[in-house]
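Here is the structure we will look at.
Position 1 is the first residue of the sequence; numbering continues from there. Only heavy atoms go into these numbers, but all of them, side chains included; no hydrogens, no water, no symmetry mates.
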Amino acid sequence: NTSGCTSASKPARPACRRYTEHICPGLPSARVFGHNAPMSTDLAIAATAARLVVEEGLEYAAAKRRALKELGLPARTPLPDNDQLEDAVHEHIALFCQDTQPRELAALRELALWWMQRLQAFEPLIGGAVWRGTATRLNDIYLQLFTDDPKAVEITLLDQRIDYDVSRVSGLHGHAVDALSIHAWCEGLQEEVGVHLLVNPVQAQRGSLLNDARGRPLRGTAARLQALQALQALQALQALQAEAEAEAESNNTPQHPPA
């Protein structure tokens, strides 16, 4: 849980093209822009929360709570699980952000890798939206660090003349840890991004690389993040090649005059 971290300030603009109609009350027959059929309550909550995750950079838990308020639902309404919300986030990105999100994700991953390499002495792991691949420019970067000297990371930052804020948040196994929050310049986005360093004891590494319910790693090392970057770059190149081939084929198709 990183909700206690201080987020870097962001420009007041949406991450991508916004909805053109709001989610309607009167569940379970609510409709969401992009969905033609009536939606169940949990799907409507997931779709609303997904919009908040993508367009406002909220964490999953906060987005679900806000979704209940926006839909006018009771606070005790059962919430969709994180897997269902993540599916809705991917759908939202595909509908509204497909032209911008891949580039923004690549820029955030490049910045995250730079910090992980800079702090390699603390065996950093990355999690959250940047690791999952759903981040936009509104998301911050969350790194889990490991050391038995809680002040060692602060000393490293001070030695490098890096300003930071300190807060107490819940660490990997529920214990309170220090979170050092930095405003870091992201060259790819041409703006500052929040980088949050959660300082865990070394013993917290145990179980930190477990998979989620779908068999995907919850966090990754710098090497794994590099591999994801390479895969993303390859996919982008393949998409460009396919687009170019489709355009060439279209230009070569003979145009028949109308009968």
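Evaluation of the salt bridge (Lys or Arg N to Asp or Glu O under 4.0 Å) test over residues 227-239, restricted to residues two or more places apart or in two chains, returns none. Residue pairs satisfying the salt bridge (Lys or Arg N to Asp or Glu O under 4.0 Å) criterion with at least one member in residues 173-190, sequence neighbours excluded, are listed as follows: Arg168-Asp178. Here salt bridge (Lys or Arg N to Asp or Glu O under 4.0 Å) pairs that include residues 141-152, with residues two or more places apart or in two chains, are Lys151-Glu154.
Tracing side-chain contacts under 4.5 Å through hydrophobic residues (I, L, V, M, F, W, Y), one reaches Ile141 starting from Met116; they form part of the same cluster. Residues Leu119 and Leu225 are members of one and the same hydrophobic cluster, defined by side-chain heavy-atom contacts under 4.5 angstrom among Ile, Leu, Val, Met, Phe, Trp and Tyr. A single hydrophobic cluster is not seen to contain both Leu105 and Leu111; linkage of ILVMFWY side chains at heavy-atom distances under 4.5 Å, directly or through other members, places them apart. Linking ILVMFWY side-chain heavy atoms closer than 4.5 Å, directly or via other members, places Ile182 and Val199 in a single hydrophobic cluster.
Here the CG-CG distance, from Asp87 to Asn82, works out to 11.0 Å after rounding to the nearest 0.5 Å. Here the CD1-OG1 distance, from Ile93 to Thr136, works out to 7.5 Å after rounding to the nearest 0.5 Å. Of the inter-residue distances, the one linking Gln241 atom CD with Glu245 atom CD reads 6.5 Å to the nearest 0.5 angstrom. Atom NE2 of His196 is separated from atom CG of Asp165 by 10.0 Å, given to the nearest 0.5 angstrom. With rounding to the nearest 0.5 Å, the separation of CG in Leu172 from CG in Leu210 is 10.5 Å. Rounded to the nearest 0.5 Å, atoms CG (Leu189) and CD (Glu104) are 6.0 Å apart.
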side-chain contact (heavy atoms from CB on, under 4.5 Å) for Leu68 and Leu79? Distances and angles first, verdict last. CA-CA 9 Å; Leu68 291 183; Leu79 297 173; 3.7 Å; yes
Could you give me the CA-CA distance, side-chain angles and deciding distance for Leu85 and Ile45, then say whether side-chain contact (heavy atoms from CB on, under 4.5 Å) is met? CA-CA 9 Å; Leu85 176 51; Ile45 295 171; over 6 Å; no
Output, in order, the C-alpha distance, side-chain angles, deciding distance and verdict of side-chain contact (heavy atoms from CB on, under 4.5 Å) for Leu143 and Trp115. CA-CA 9 Å; Leu143 302 179; Trp115 277 97; 4.0 Å; yes
Kindly determine whether Tyr164 and Leu158 satisfy side-chain contact (heavy atoms from CB on, under 4.5 Å), including the steps that lead there. CA-CA 9 Å; Tyr164 60 89; Leu158 290 171; 3.9 Å; yes
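Counting only distance, with no hydrogens or angles, the side chain of Gln101 and the backbone of Ala135 share a donor-acceptor pair below 3.5 Å. Proximity of a side-chain donor or acceptor of Lys64 to a complementary backbone N or O of Ala49 within less than 3.5 Å is not detected. Of the possible donor and acceptor atoms, none in the side chain of Ser250 sits under 3.5 Å from a partner among the backbone N and O of Ala246.
Within the hydrophobic cluster formed by Ile, Leu, Val, Met, Phe, Trp and Tyr side chains joined at under 4.5 Å, directly or through other members, Leu52 is accompanied by Leu58.
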Solution key, residues 201-209 side-chain donor-acceptor pairs under 3.5 Å, sequence neighbours excluded:
residue, atom, partner, partner atom, Å
Gln205, NE2, Glu123, OE1, 3.3
Ser208, OG, Gln205, O, 2.7

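In terms of heavy-atom proximity, Val53 sits nearest to Ala63 at CG2-CB, 3.6 Å. A pairwise comparison of heavy atoms in Ser170 and Val177 identifies C-CG2, 4.4 Å as the closest pair. Nearest heavy atom pair, residue Ala112 against residue Val130, reads CB-CG1, 4.5 Å. Minimum interatomic distance between Pro102 and Cys97 (heavy atoms only, all atoms of both residues): CD-O, 4.0 Å.
With sequence neighbours excluded, the residues satisfying side-chain contact (heavy atoms from CB on, under 4.5 Å) with Gln160 are Arg118, Thr156, Ile162. Considering only residues two or more places apart in sequence or on other chains, Asp83 meets the salt bridge (Lys or Arg N to Asp or Glu O under 4.0 Å) condition with Arg214, Arg216. By the side-chain contact (heavy atoms from CB on, under 4.5 Å) test, Pro217 pairs with Trp131, Asn211, Arg224, sequence neighbours left out. Every side-chain contact (heavy atoms from CB on, under 4.5 Å) that Gln229 has, sequence neighbours left out, goes to Arg109, Glu110, Leu113, Gln226. Under the side-chain contact (heavy atoms from CB on, under 4.5 Å) criterion, Ala88 pairs with Ala46, Ala50, sequence neighbours left out. Looking at residues two or more places apart in sequence or on another chain, you find no side-chain hydrogen bond (donor to acceptor under 3.5 Å, both in side chains) involving Glu247. Scanning for salt bridge (Lys or Arg N to Asp or Glu O under 4.0 Å) contacts around Arg219 gives an empty result, with sequence neighbours left out.
Using a 4.5 Å cut-off on side-chain heavy atoms (C-beta onward), Leu197 and Leu157 make contact. The side-chain heavy atoms of Thr134 and His90, taken from C-beta on, include a pair separated by under 4.5 Å. Side-chain contact between Arg103 and Arg137: present, with at least one pair of heavy atoms (C-beta onward) separated by less than 4.5 Å. At a threshold of 4.5 Å between non-hydrogen side-chain atoms, the residues Thr221 and Leu125 count as touching. Using a 4.5 Å cut-off on side-chain heavy atoms (C-beta onward), Tyr60 and Glu86 make contact. Contact check for Leu198 versus Leu145: no side-chain heavy atoms found under the 4.5 Å cut-off.
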